[in-house]
Amino acid sequence: MAETTGNTTQNESARPPQPRKASWKFIGPGIVVAATGVGAGDLVATLIAGSNFGYTLLWAAIIGCLVKISLAEAAGRWHLSTGRTLFDGWASLGRWTTWFFAVYVVVWGFVYGAAAMSSSALPLQALFPDVMDLKWWGIACGLVGLVFVWFNKYAVFEKVMTVLVGVMFVVTVYLAIRVTPNLLDAFAGLLPVLPDEKDSILNTLGLIGGVGGTITLAAYGYWVNAKGWTDTGWMKVMRLDNRVAYATTGIFVIAMLFVGAEMLHSANVAIASGDKGLIQLGDILEAEYGAATAKFFLIGFFATSFTSLIGVWHGVSLMFADFVARLSGKGQAKGEEVASGERERSWPFRAYLLWLTFPPMILLFEGQPFRLIIIYGVLGAAFLPFLAGTLIWLLNSSRTPREWRNGPVSNAMLAIAGLLFLVLCVKQIWDQPWGEFF
C-alpha cells in the first residue's frame with residue numbers, strides 16, 4: 001500500500017502533470033509580452049517601411065512575428081519542461097553568460113529607462129501642451145510606473161496591461177480602417193519581394209528583426225511562471241497564449257504599415273525616425289481627419305509607450321531578481337518561486353525598479369552620453385543572437401527532458417532567428433562611430 005501525505009499518495013505525486021486544455025480563458029502572459037514588446041519605436045519603423053515601400057514589405061513584418069513566436073515559445077518551453085528559470089539555464093552554460101547578462105542589464109536598464117520615460121511623455125505633452133515640460137512628464141511617467149509595479153502583484157499588472165492593449169488595438173485598427181487600405185496591393189505585399197533600392201536586404205532584415213521585443217522575449221518565461229504555470233501540464237496553454245501574443249503584435253504592425261502605405265507613401269510624406277515620428281503622424285492625422293482623430297491616436301500612442309515602460313519595469317526586474325538569487329548561491333532557481341510572488345517582493349526586484357527609474361532621470365536633463373549610447377546599442381544588438389543561440393544549446397541538451405527538446409522545425413526557426421539577429425548585430429556594430437568613441 002502506498003504511503004500517504006495528507007490526501008496525496010506518493011504514487012499520485014509521482015505522476016506527470018495532467019495537460020490542461022488550451023483555452024482562451026487562460027490567456028495572459030502573451031498579452032503582456034505583446035504589449036511590452038511593441039513600443040513606439042516599432043510602430044515608427046513600420047510606418048517608415050510603409051511610407052518608403054508601400055505594401056512591399058508586408059511579408060517581412062509577418063515573418064518577424066513568426067520568428068519571435070519561435071523564440072518566446074522556446075523560452076516558455078524551457079521554464080515549463082525543466083521547472084527552472086531561464087537565467088538558471090544560462091548559468092549552467094558557463095560563467096560568461098553571467099558576465100554578459102550583468103553588463104547588459106545594468107547598461108541597458110540605465111539608457112532604456114530614460115528612453116521609456118521620454119516615449120511615454122511625448123504623447124502626454126502633445127495632449128496637454130501647456131501643463132509642463134517634456135522632462136517633467138517623463139519623470140511623472142517613471143514614478144507612476146515605479147509605484148504601480150512596486151505595490152501590485154502580477155495578477156493586477158496583467159489586468160492593467162490587458163486594458164491598455166485593448167486601447168492600442170482599437171486605435172491601430174481604427175486608423176487602418178480610416179485610411180481605407182488597398183487590399184489588392186496588401187495581398188500582393190504577402191509575396192516575398194525586395195524593394196529595388198540600395199541596402200534593401202538589410203532594411204528588410206531590420207524590419208523583420210524589429211517586430212515585437214528584445215529582452216521581453218526572455219521575460220516571457222518569467223511571466224508564464226508568474227501566472228502560476230510551472231509544469232508541462234500548461235504547455236498547450238502556453239503555446240496558444242504565445243500565438244495570441246504575436247497575432248496581436250502582427251495586427252498592430254500590419255495596421256501601422258497600412259497607415260504608412262496609404263497616408264505617407266501615396267502622398268510622398270517623410271517622417272522622422274524615433275518616437276517624434278508619431279508626433280508628426282498625429283499632426284498629419286489632425287490635418288487630414290480632424291483634432292478628435294489626432295487625440296484618439298495620441299491616446300493610443302501613450303498606451304503603446306506606457307505598456308512598454310511598465311512591462312520592462314516588471315519583467316526585467318523579475319529577471320534581475322532571479323539573477324541575484326542564482327548569484328547568491330541559493331541553488332537552482334525554480335519557477336515555483338516566481339509563481340509564489342516571492343521575487344516581486346524581494347529587494348533585488350525593487351532595487352532594479354529603482355535603477356530603471358531614478359538614475360535615468362539624469363539623462364532627461366543632461367542628454368544621453370555618447371559613449372554609453374554606443375555601448376547600449378552594441379549590447380542591445382547582441383542580446384537576441386545570445387538568446388537564440390543559448391536556447392538552441394539548452395533545448396538540444398540533456399538539461400531539457402527528451403520529450404520537450406527541440407524538433408527539426410524549432411531548431412530551424414531558432415537557427416534562422418539567430419542568423420538574422422547576428423547579421424543585424426554585426427551591422428549595428430559596424431555602423432557605430434568608433435572613430436569618435438576613442
Side-chain angles (χ1 to χ4, degrees), residues 27-50 57-58 60-73 75 112 115-120 122-123 141 145 157-158 160-176 206-220 223 241-260 273-275 277-279 281-282 297-316 380 383-384 417 421:
I27 298 303
I31 297 296
V32 172
V33 78
T36 307
V38 179
D42 296 293
L43 297 187
V44 172
T46 312
L47 270 173
I48 291 174
L57 292 180
L58 178 59
I62 293 172
I63 286 179
C65 292
L66 295 176
V67 166
K68 300 296 176 59
I69 283 175
S70 66
L71 283 166
E73 188 276 340
Y112 181 84
M117 286 187 271
S118 294
S119 180
S120 298
L122 276 169
C141 289
F157 165 72
E158 183 190 286
V160 171
M161 292 288 272
T162 302
V163 170
L164 292 173
V165 166
V167 174
M168 292 167 61
F169 186 89
V170 170
V171 170
T172 53
V173 171
Y174 167 77
L175 289 178
L207 179 61
I208 293 172
V211 176
T214 52
I215 195 171
T216 53
L217 291 164
Y220 178 64
W223 284 322
D241 180 74
N242 182 41
R243 291 178 191 126
V244 169
Y246 283 94
T248 306
T249 300
I251 290 170
F252 292 149
V253 169
I254 290 167
M256 295 310 288
L257 192 136
F258 281 8
V259 173
S273 60
D275 300 341
L278 291 183
I279 295 295
L281 179 62
F297 165 72
L298 289 171
I299 292 169
F301 176 7
F302 173 73
T304 300
S305 298
F306 194 65
T307 50
S308 293
L309 186 152
I310 60 175
V312 165
W313 263 230
H314 187 275
V316 184
F383 184 80
L384 283 178
F421 294 121

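Computed over heavy atoms, backbone and side chain alike; hydrogens, waters and symmetry mates excluded.
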Please tell me if the side chains of [X] and [Y] come closer than 4.5 Å, counting only heavy atoms from C-beta onward.
{"X": "L43", "Y": "F301", "result": "no"}
{"X": "E158", "Y": "W223", "result": "no"}
{"X": "H314", "Y": "T36", "result": "no"}
{"X": "L278", "Y": "F297", "result": "yes"}
{"X": "V165", "Y": "F252", "result": "yes"}
{"X": "V163", "Y": "M168", "result": "no"}

Do you know which two heavy atoms are closest between [X] and [Y], and how far apart they sit?
{"X": "G311", "Y": "M161", "value": "CA-CE, 4.0 Å"}
{"X": "L309", "Y": "Y112", "value": "N-OH, 4.3 Å"}
{"X": "A245", "Y": "V33", "value": "CB-CG1, 3.6 Å"}
{"X": "A303", "Y": "L164", "value": "CB-O, 3.8 Å"}
{"X": "I208", "Y": "K68", "value": "O-NZ, 4.4 Å"}
{"X": "G39", "Y": "S308", "value": "CA-OG, 3.4 Å"}

Got a second to check how far [X]'s [atom1] is from [Y]'s [atom2], nearest 0.5 Å?
{"X": "L57", "Y": "I63", "atom1": "CG", "atom2": "CD1", "result": "10.5 Å"}
{"X": "I31", "Y": "D241", "atom1": "CD1", "atom2": "CG", "result": "7.5 Å"}
{"X": "T248", "Y": "R243", "atom1": "OG1", "atom2": "CZ", "result": "13.5 Å"}
{"X": "T249", "Y": "D42", "atom1": "OG1", "atom2": "CG", "result": "8.5 Å"}
{"X": "T216", "Y": "L71", "atom1": "OG1", "atom2": "CG", "result": "10.5 Å"}
{"X": "Y220", "Y": "N242", "atom1": "OH", "atom2": "CG", "result": "4.5 Å"}

- Message: One pair to check against side chain to side chain contact (heavy atoms under 4.5 Å, CB included): L66 and Y246. What are the steps and the verdict?
- Response: CA-CA 7 Å; L66 295 176; Y246 283 94; over 6 Å; no
- Item | Expected output: side-chain T172 to main-chain F169 donor-acceptor under 3.5 Å | yes
- Task: Test side chain to side chain contact (heavy atoms under 4.5 Å, CB included) on V67 and F421 and set out the steps.
- Result: CA-CA 10 Å; V67 166; F421 294 121; 4.1 Å; yes
- Message: Between I279 and L298, does the side chain to side chain contact (heavy atoms under 4.5 Å, CB included) criterion hold? Intermediate values first, please.
- Response: CA-CA 8 Å; I279 295 295; L298 289 171; 4.1 Å; yes
- Report the C-alpha separation of L257 and L47 in whole Å, then their side-chain angles, then the decisive distance to 0.1 Å, and conclude whether the side chain to side chain contact (heavy atoms under 4.5 Å, CB included) test is met. CA-CA 5 Å; L257 192 136; L47 270 173; over 6 Å; no
- Query: Between the side chains of S305 and S119, is a donor N or O closer than 3.5 angstrom to an acceptor N or O?
  - Reply: yes
- Among all residues two or more places apart in sequence or in another chain, which pass the side chain to side chain contact (heavy atoms under 4.5 Å, CB included) test with I254? L58, I62, F258
- Query: Sequence neighbours excluded, which residues qualify as side chain to side chain contact (heavy atoms under 4.5 Å, CB included) partners of A45?
  - Reply: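 For A45 there are no side chain to side chain contact (heavy atoms under 4.5 Å, CB included) partners, ignoring immediate neighbours.
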- Task: Go through the structure and list residues passing ring-ring contact (aromatic ring centres under 6.0 Å, His included) with F306, not counting sequence neighbours.
- Result: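 With sequence neighbours excluded, F306 shows a ring-ring contact (aromatic ring centres under 6.0 Å, His included) to F302, given in chain and number order.
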